[in-house]
Amino acid sequence: CAKKAVAMADAEGFLRWVRTILLAHITDYVEQQLIACVKKTASPISAATIKSFGMSFGRPPRLGTSTLKRIKMVLRTRGLDPADIPRYHKLALKFNLNGVTEPYWRDWKFADPSKFLAPDSLHQWHIFFNDHVLDWAMKLVGKDEVDRRYKLLQRRVGFKHFTEGFTRFKQHTGREHRDIQRSFIGVLCGSSKISKPTLRAFSSLLQFIYLAQCEKPTSHTLKGLGAALRGFHRHKKYLLETGKLRTGPKQKGNFNIPKLELMHHVPGFIRQIGSLEQYSAEQIERLHIDMAKDPYRASNKKEFGEQICRYLDRLEKIRLFDIYLAWKKGRHSDDAKEASSIANPDGSDAEARTSASED
């Protein structure tokens, strides 16, 4: 743990005293709120709430110590029984809490949600782009026109070409999200329905997304992130002037988008934990196919829970047996080589057998 050092072996076999520090918890936005013990209208990273999500500046961090104090305040309410979940939850919402009484990080030294809830490129940038930025473009230009423009793009080796368009599909893979982003600004250029200030708002967001994925960020990268985000907030009013975006009863002409608010804290996370690409949930999401979808397809679709567990258990046994066979085969091969080297340290017998065969 972080409070007490534990002896652990390093890669070379030496014992070292280690204090386990919670550096990053890879998860999506909904789970971040659950971990930070905040309700749905509050940010898990900062003190911002839904009314301030669209601001052009970031709010102070939501410290874990402050959250724990508010939880204690609720628990000290006279006559309140934490086991009375409906009443406790109702009171917790008044303090921007979700009703969790004992977060797992409460006694983990140095652990603070505002520091270890690392940005996730898959959900916070790529899916944000698909749910909002791409949706805005299709409302301005039209789905058919966007599809037509992507169909006309020249084919490139290694990149997805949307021969039939993509707007009719409800879901896209992470790779398809990125391939759409690569050509997004170029596809919109020249459209009479996209003004230059509107295009600058779009390009600022794309600039931010690309800089945030930098594998070796520098001080110039951090400055570029700030400049790109300021550029979007400076030009977002032109998106509203079209009269087609953010006009719903809940939106009311505001950009109160949770993932947009989280962008303010990306430079700070890069300074603390380095490149953010290593904390993407994309690899974890890929396991949904191997651990759930494929086993489900192998079942008879009835009472499939037990069948999935049995399927995964058998796959694990097969994998372990394959590893054992490979080890066994490799060990015998190494033993043979070792015995040969002991019997013929200088290789003289081998040379004699070679010359004899030649004769």
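- Looking only at distances, no side-chain donor or acceptor of S66 sits under 3.5 Å from a matching main-chain atom of L63.
- Residues forming a side-chain hydrogen bond (donor to acceptor under 3.5 Å, both in side chains) with R200 (at least two apart in sequence, or on another chain): none.
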Donor-acceptor list for residues 136-144 side chains, cut-off 3.5 Å, not counting sequence neighbours:
from: K139; atom 1: NZ; to: D135; atom 2: OD2; distance (Å): 3.4

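- Just one residue in the list E277, Q213, H126 forms a side-chain hydrogen bond (donor to acceptor under 3.5 Å, both in side chains) with S121, and that residue is E277.
- Of the candidates F208, F184, Y238, F129, F184 is the only one forming a ring-ring contact (aromatic ring centres under 6.0 Å, His included) with F202.
- No donor-acceptor pair under 3.5 Å is formed between the side chain of Y279 and the backbone N or O of L117.
- With respect to E145 and R149, a salt bridge is recorded, a charged nitrogen being found less than 4.0 Å from a carboxylate O.
- Hydrophobic clustering (ILVMFWY, side-chain heavy atoms < 4.5 Å, transitive): L260 and Y210 are in one cluster.
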Donor-acceptor list for residues 46-55 side chains, cut-off 3.5 Å, not counting sequence neighbours:
from: S46; atom 1: OG; to: A48; atom 2: N; distance (Å): 3.3
from: S46; atom 1: OG; to: E261; atom 2: OE2; distance (Å): 2.7
from: S52; atom 1: OG; to: T49; atom 2: N; distance (Å): 3.2
from: S52; atom 1: OG; to: T49; atom 2: O; distance (Å): 3.1

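- Both tests pass for K301 against the ring of Y296: distance under 6.0 Å to the centre and angle within 45° of the axis.
- Between the side chain of K151 and the main chain of T163, no donor-acceptor pair closer than 3.5 Å is present.
- H233 and K236 share a donor-acceptor pair across their side chains, judged by distance under 3.5 Å alone.
- The two residues H89 and N98 come nearest to each other via the heavy atoms CD2-O, 3.1 Å.
- In this structure, the side chain of H161 engages the main chain of L153 through a donor-acceptor pair within 3.5 Å.
- Looking at L262 and F269, their side chains never come closer than 4.5 Å, going by heavy atoms from C-beta outward.
- Taking a 6.0 Å sphere around NZ of K69, one finds it holds 12 or fewer heavy atoms contributed by other residues, nucleotides or ligands.
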| said: Between F232 and F255, is the ring pair (Phe, Tyr, Trp, His ring centres under 6.0 Å) condition met? List the steps. | reply: CA-CA 11 Å; F232 168 74; F255 287 89; 5.8 Å; yes

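- No side-chain N or O of Y311 forms a donor-acceptor pair with one of Q307 less than 3.5 Å apart.
- The backbone N or O of D28 lies less than 3.5 Å from no partner atom in the side chain of D120, so there is not a single donor-acceptor pair.
- Looking only at distances, no side-chain donor or acceptor of R246 sits under 3.5 Å from a matching main-chain atom of Q251.
- In this structure, D179 contributes its side chain and K160 its backbone to a donor-acceptor pair below 3.5 Å.
- Ring geometry for W327 versus Y324: interplanar angle of 30 to 60°, hence tilted.
- Side-chain N/O atoms of T27 and H25 include no donor and acceptor closer than 3.5 Å.
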| said: Let's go through Y150 and F166 carefully: what are the C-alpha distance in whole Å and the side-chain angles of both, what is the deciding distance for ring pair (Phe, Tyr, Trp, His ring centres under 6.0 Å) to 0.1 Å, and is it a yes or a no? | reply: CA-CA 9 Å; Y150 270 97; F166 63 86; 5.0 Å; yes

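- At least one donor-acceptor pair closer than 3.5 Å links the side chain of R62 to the backbone N or O of S43.
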